[in-house]
Amino acid sequence: MEQKAEVSARRRSDLPGQLIPRAFFERPPEKVAPGLLGKLLVSVDSGRVLAGRIVEVEAYLGPHNDPPDPAAHSYRGPTPRNLVLFGPAGHSYVYAIYGLYFCMNISCEKEGLAGCVLLRALEPVLGIAEMRQNRGLDEDASPRMISGGPSRLCLALGLTRPGHNGLDVTNSESILQVRDDGFPKADVVITPRIGIKHAVDLPLRFAVRGNSCVSGPRKLEQWQSK
DNA sequence: CTGTGGATTTGCT
DNA sequence: GCAAATCCACAGG
């Protein structure tokens with residue numbers, strides 16, 4: 001039955017759930033971020049569908065905020081790399097990091113303002129075997145090892161730059177979409193962001209409490225719920 | 001034009 | 001727990 005669900009979803013016309021409207025993303029990232037938990041990131045690659053449920057995200061604020069967010073790529077204004085962050089909401093921002101990996105964000109705020117949500121972990125839903133292959137893992141690999149981590153999820157779904165940068169995730173013709181399949185809201189944990197050097201105390205990381213795919217330290221109990 | 005360091009992952013100690 | 005791997009954007013001169 002899990003098998004059947006995967007087969008029936010391998011058509012663009014029958015992707016799981018519904019597209020999320022652009023207006024959802026035309027808000028401050030700290031509002032968008034928790035709302036993305038439980039939604040599906042769906043990639044359509046040459047007819048094949050890969051999808052994962054978003055279980056961990058971080059918000060990065062645009063330079064129009066007071067105070068601004070020195071950890072954000074948009075902190076010093078538009079550059080060739082971060083340009084899509086200043087464009088319309090609901091577009092993918094994929095960047096390379098450490099010369100080896102990629103990270104995937106979705107732009108927020110209306111055109112002219114920056115701000116984005118970094119996707120940090122997915123729980124594999126469709127095309128699990130292919131994701132595992134993309135990661136070079138065995139049959140018994142845990143979901144966490146497949147797509148738990150901002151660069152792991154890019155490897156699992158095959159997301160790269162420039163190929164997947166600047167895509168409209170609110171468009172049904174896009175090869176990268178965010179969709180809502182009605183999955184019930186979960187208990188959300190709020191913590192500081194991971195792996196940054198600036199603004200380390202801002203509580204802008206949001207994760208599904210208890211989900212095994214969430215990256216970083218396991219001990220989330222100490223953090224406030226929402 | 002050059003130097004620096006990063007929103008990470010992995011493997012070894 | 002720690003450091004290597006490995007690239008290029010961008011800030012500074």
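A, B, ... follow the sequence lines: proteins, then strands. Residue 1 opens every chain.
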Checklist line | Salt-bridge contact A:Glu58-A:Arg120 (side-chain N to carboxylate O under 4.0 Å) | finding: yes
Notebook entry, point to check: Just checking A:Ala71: base, sugar-phosphate only, or nothing, at a heavy-atom cut-off of under 4.0 Å?
Noted result: base
Checklist line | Which nucleotides of DNA chain C pair, in dot-bracket form (Watson-Crick or G-U under 3.5 Å, | meaning another strand) | finding: |||||.||||||.
Notebook entry, point to check: Could you give the distance from CG (A:Asp201) to CD1 (A:Ile196), rounded to the nearest 0.5 Å?
Noted result: 9.0 Å
Next item on the list: For A:Tyr101 and B:dT8, say yes or no: do the ring centres fall under 5.5 Å of each other while the ring planes differ by less than 30°?
Entry: no
Note to self: Please report the distance, rounded to the nearest Å, between CG in A:Asn165 and C1' in B:dA7.
What the structure shows: 15 Å
Checklist line | Atom-to-atom span, CG of A:Leu159 to C1' of B:dT9 - whole angstrom | finding: 17 Å
Next item on the list: Check the distance between B:dA7's P and A:Glu56's CD and give it to me in whole angstrom.
Entry: 15 Å
Next item on the list: Kindly say whether A:His164 contributes a backbone atom to a donor-acceptor pair with the side chain of A:Ser92 at under 3.5 angstrom?
Entry: yes
Next item on the list: Can you tell me, in whole Å, how much space there is between the P of C:dG1 and that of B:dA7?
Entry: 23 Å
Note to self: Both conditions, 6.0 Å and 45 degrees, for the charged tip of A:Arg27 above the ring of A:Phe24: are they met here?
What the structure shows: yes
Check: Is the distance from OP1 or OP2 of B:dA7 to the nearest side-chain N or O of A:Arg205 less than 4.0 Å?
Finding: no
Item checked: Cationic tip of A:Arg53 above A:Phe183 ring, under 6.0 Å, 45° of axis -> yes
Margin query: Taking only side-chain N and O atoms of A:Arg135, does any of them lie within less than 4.0 angstrom of OP1 or OP2 on B:dT10?
Written below: yes
Notebook entry, point to check: Does A:Val208 offer a backbone N or O that forms a donor-acceptor pair with the side chain of A:Asn211 under 3.5 Å?
Noted result: no
Margin query: Reading DNA chain B from 5' onward, which residue's closest nucleotide shows up sooner: A:Leu137 or A:Tyr95?
Written below: A:Tyr95
Note to self: Need two values: the first and the last nucleotide of DNA chain C, 5' to 3', having an atom under 4.0 Å from any heavy-atom of chain A.
What the structure shows: C:dA5 to C:dA11
Notebook entry, point to check: Looking at the side chain of A:Tyr98, which of B:dT10, B:dT8, B:dA7 is the nearest nucleotide?
Noted result: B:dT8
Check: With clusters built from Ile, Leu, Val, Met, Phe, Trp and Tyr whose side-chain heavy atoms come within less than 4.5 Å, directly or transitively, what are the remaining members of the cluster of A:Leu204, listed by chain and number?
Finding: A:Leu61, A:Leu202
Item checked: Distance in angstrom units between A:Ile196 CD1 and B:dT8 P, rounded -> 9 Å
Checklist line | Residue whose nearest DNA chain B nucleotide is more 5′ - A:Gly149 or A:His198 | finding: A:His198
Next item on the list: Return the value, rounded to whole Å, for the distance between atom OH of A:Tyr75 and atom P of B:dG6.
Entry: 15 Å
Note to self: Checking the side chain of A:Arg132 only, and the main-chain atoms of A:Ile128 only, is there a donor and an acceptor separated by less than 3.5 Å?
What the structure shows: no
Checklist line | Nearest-Å distance for atom pair CZ/P, residues A:Arg193 and B:dG6 | finding: 14 Å
Notebook entry, point to check: Can you tell me how far P of B:dA7 sits from CG of A:Leu85, to the nearest Å?
Noted result: 13 Å
Note to self: I'd like to know whether the aromatic ring centres of A:Tyr95 and A:His73 sit less than 6.0 Å apart in this structure.
What the structure shows: yes
Item checked: Atom-pair distance (CG on A:Asn82; P on B:dA7), nearest Å -> 12 Å
Notebook entry, point to check: Judged by atom type as modelled, is there a donor-acceptor pair below 3.5 Å linking the side chain of A:Ser147 to the main-chain atoms of A:Leu122?
Noted result: yes
Item checked: Under-4.0 Å side-chain N/O to phosphate OP1/OP2 contact, A:Lys197 with B:dG5 -> no
Checklist line | Sugar-phosphate, base or nothing in reach of A:Arg81, heavy atoms under 4.0 Å | finding: sugar-phosphate
